[in-house]
Amino acid sequence: MTALAHHPHPVTRAVAGVREELSAVADTPVWSMNADDTVATIAEVQSAKAQLAELEARLLTHAGRVDLPAQTGATSTATWHAATTRTTKTHAHRTMRLADGLEHHQATRTALAEGRLHLEQAEAILRALADLPDDLDSAITAGAEQRLLEYAREFDAKHLKVLGRRILEVTSPETADAHEATLLEREERAAEAAVRLTIWDDGHGKTHGRFTLDTLTGAMLKKHLFALAAPRHQASKGPLGERKPTPQRLGQALVELIQRYPHKRLPKAGGLNATVVVTMTLDALEGRLKAARLDTGERLSPGAARRLACEAGVLPAVLDGNSHVLDLGRKQRFASEAQRIAKTIEARGCEIDGCDWPPGMTHTHHRTRWADGGKTNLRDLISLCPHHHARAHDPRYHLDQLPTGKYTFHRRT
């Protein structure tokens with residue numbers, strides 16, 4: 001017998017009794033169960049989990065009312081719950097949201113307590129009810145809750161979430177359109193603020209990333225990728241295979257989308273389109289084994305560099321043994337732009353000593369000002385970041401070249 005079994009409160013004794021009975025069958029093999037018993041027992045386990053979830057939510061509500069968190073200095077009931085049960089704060093906050101929702105929706109609490117509702121279903125229903133307008137008549141809210149509980153007999157949590165978004169179309173059609181518009185506007189604002197992209201190179205030839213997009217942009221991206229990865233598009237490369245694009249095929253579609261995007265439609269930074277510049281030695285171009293380098297710092301095999309040299313939006317820059325530009329290809333029409341590209345390759349970023357501004361964001365500056373007779377020759381140009389470019393035009397400073405080839409500023413006396 002557990003210590004809890006001797007506790008005077010009936011709820012405590014009930015929990016202890018359940019645990020004791022489960023402990024008694026912990027070593028009992030289940031191989032002898034027939035199919036019907038197995039199905040029935042799994043269903044009972046689900047119902048028991050729902051009942052325990054309702055009881056836990058009720059106990060946490062009580063813990064907040066008697067201010068148990070204050071005894072340990074916890075800032076909230078969820079934080080206290082996470083610390084005392086060694087669960088994550090994410091799980092604890094999710095449990096508290098359930099407890100708060102059940103406080104306001106007794107019918108859902110009763111269904112969960114009786115095991116007629118799974119935990120995920122209850123969370124979906126409570127989320128839908130929480131999204132209803134605050135000024136909605138209580139009778140309409142109650143009707144929506146009852147209808148969702150009826151749906152729960154047939155639908156899982158995922159479908160309940162979809163049904164919950166449009167529940168007012170059934171229970172209160174006159175308010176449904178305005179409610180859906182409000183929900184969509186709220187979600188779109190939240191999605192716009194949540195748009196993120198992180199991307200990193202692992203140093204072993206692969207780049208990884210993750211992103212968050214709003215629903216509209218996500219749908220557009222899926223349309224692009226599915227079109228590129230569609231079986232009919234891949235027919236020339238082999239058997240059609242499965243009709244639904246695989247993750248590998250979608251990844252290949254993303255590669256194609258990026259590599260073949262029209263470079264002329266890209267915005268310019270530092271006077272240049274977002275063009276990838278592949279720098280290689282003459283040896284690499286002629287087929288000997290020596291790595292090539294992107295202007296962003298990554299390295300490529302010479303074979304990959306030669307293959308990319310004929311792709312749109314990729315500019316081959318051939319260097320001699322001293323890293324001097326020998327040829328910039330024939331992609332750019334205007335000499336001034338070719339000079340900027342050449343300077344970007346040679347400077348590899350802002351040329352001020354100690355500045356790490358990347359090459360694609362630099363400006364091209366005349367070392368001798370144009371107004372003072374400076375010429376637009378490659379060796380007379382300097383790559384500067386916007387901050388240092390502004391300082392270069394500040395009459396209070398003059399620019400000096402260091403023995404390393406870098407530059408520095410000194411205040412004029």
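The shown structure was predicted, so the numbers you read here are calculated from the model rather than taken from an experiment. Note that these values count all heavy atoms, side chains included, but never hydrogens, waters or copies made by symmetry.
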> Ignoring hydrogens and geometry beyond distance, is a side-chain donor-acceptor pair present between Thr88 and Thr90 at under 3.5 Å?
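Their side chains do not contain a donor-acceptor pair, so the 3.5 Å distance test is not met.
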
> Would you please say whether a donor-acceptor pair under 3.5 Å links the side chains of Thr79 and Ser76?
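Yes.
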
> Under the salt bridge (charged side-chain N to carboxylate O under 4.0 Å, His left out) rule, what pairs show up with a residue in residues 71-88, not counting sequence neighbours?
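Listed once each, the pairs would be none.
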
> Give every donor-acceptor pair under 3.5 Å between a side-chain atom in residues 119-127 and any protein atom, sequence neighbours left out.
from	atom 1	to	atom 2	distance (Å)
Gln121	OE1	His118	N	2.9
Gln121	NE2	Ala152	O	2.9
Gln121	NE2	Phe155	O	2.8
Glu123	OE1	Arg94	NE	3.3
Glu123	OE1	Arg94	NH2	2.6
Glu123	OE2	Arg94	NE	2.8

> What closest approach, in Å, do Thr207 and Ile199 show between heavy atoms, and which atom pair accounts for it?
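Reported closest heavy-atom pair: CG2-CG1, 3.4 Å.
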
> Tell me, please, which residues at least two apart from Arg210 pass salt bridge (charged side-chain N to carboxylate O under 4.0 Å, His left out).
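In terms of salt bridge (charged side-chain N to carboxylate O under 4.0 Å, His left out), with neighbours along the sequence ignored, Arg210 is linked to no residue.
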
> If I compare all heavy atoms of Cys350 with all of Cys385, which pair ends up nearest, and what's the gap?
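Scanning both residues, the minimum pair turns out to be SG-N, 3.4 Å.
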
> Would you mind writing out the side-chain donor-acceptor pairs for residues 45-53 within the sub-3.5 Å range, not counting sequence neighbours?
from	atom 1	to	atom 2	distance (Å)
Ser47	OG	Ala43	O	3.3
Ser47	OG	Gly115	O	3.1
Gln51	NE2	Ala113	O	3.0

> Please name all residues satisfying ring pair (Phe, Tyr, Trp, His ring centres under 6.0 Å) with His388, sequence neighbours left out, ordered by chain then number.
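Partners of His388 under the ring pair (Phe, Tyr, Trp, His ring centres under 6.0 Å) test: Phe409.
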
> Excluding sequence neighbours, so at least two apart, what forms side-chain hydrogen bond (donor to acceptor under 3.5 Å, both in side chains) with Glu114?
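Testing Glu114 for side-chain hydrogen bond (donor to acceptor under 3.5 Å, both in side chains), a comparison that skips the adjacent residues, returns Arg116.
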
> For residues 58-73, tabulate all N or O donor-acceptor pairs below 3.5 Å that involve a side-chain atom, not counting sequence neighbours.
from	atom 1	to	atom 2	distance (Å)
Arg58	NE	Glu54	OE2	2.9
Arg58	NH2	Glu54	OE1	3.0
Thr61	OG1	Ala57	O	3.1
Arg65	NH2	Glu103	OE1	2.5
Thr72	OG1	Pro69	O	3.3

> Measure across Leu381 and Glu351 and return the closest heavy-atom pair with its distance rounded to 0.1 Å.
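In this case the closest contact between Leu381 and Glu351 is O-OE2, 4.2 Å.
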
> Which of these passes side chain to side chain contact (heavy atoms under 4.5 Å, CB included) with Leu132: Ile140, Thr171, Ile167?
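Testing each of Ile140, Thr171, Ile167 against Leu132, the sole residue satisfying side chain to side chain contact (heavy atoms under 4.5 Å, CB included) is Ile167.
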
> With sequence neighbours excluded, tell me which residues meet side-chain hydrogen bond (donor to acceptor under 3.5 Å, both in side chains) with His93.
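Once residues adjacent in sequence are excluded, His93 has no partner under the side-chain hydrogen bond (donor to acceptor under 3.5 Å, both in side chains) criterion.
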
> If I compare all heavy atoms of His81 with all of Thr85, which pair ends up nearest, and what's the gap?
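Smallest heavy-atom distance, with atoms named: O-OG1, 2.5 Å.
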
> Under the rule for ring pair (Phe, Tyr, Trp, His ring centres under 6.0 Å), what residues qualify as partners of Tyr397, not counting sequence neighbours?
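In terms of ring pair (Phe, Tyr, Trp, His ring centres under 6.0 Å), with neighbours along the sequence ignored, Tyr397 is linked to no residue.
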
> Just jot down the ring pair (Phe, Tyr, Trp, His ring centres under 6.0 Å) partners of His410, sequence neighbours excluded, or say none.
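Partners of His410 under the ring pair (Phe, Tyr, Trp, His ring centres under 6.0 Å) test: His398.
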
> Let me confirm one number: the CG-CD distance from Leu225 to Gln252, rounded to the nearest 0.5 Å.
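Leu225 CG to Gln252 CD: 12.0 Å, rounded to 0.5 Å.
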
> Which residue pairs pass the salt bridge (charged side-chain N to carboxylate O under 4.0 Å, His left out) test with at least one member in residues 137-152, sequence neighbours excluded?
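For residues 137-152, and leaving out neighbouring residues, the salt bridge (charged side-chain N to carboxylate O under 4.0 Å, His left out) pairs sorted by first residue read Arg147-Glu150.
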
> Counting only pairs under 3.5 Å, give me each side-chain donor-acceptor contact of residues 21-37, with atom names and distances, residues two or more places apart or in other chains.
from	atom 1	to	atom 2	distance (Å)
Ser23	OG	Arg19	O	2.9
Asn34	OD1	Asp36	N	3.2
Asn34	OD1	Asp37	N	2.7

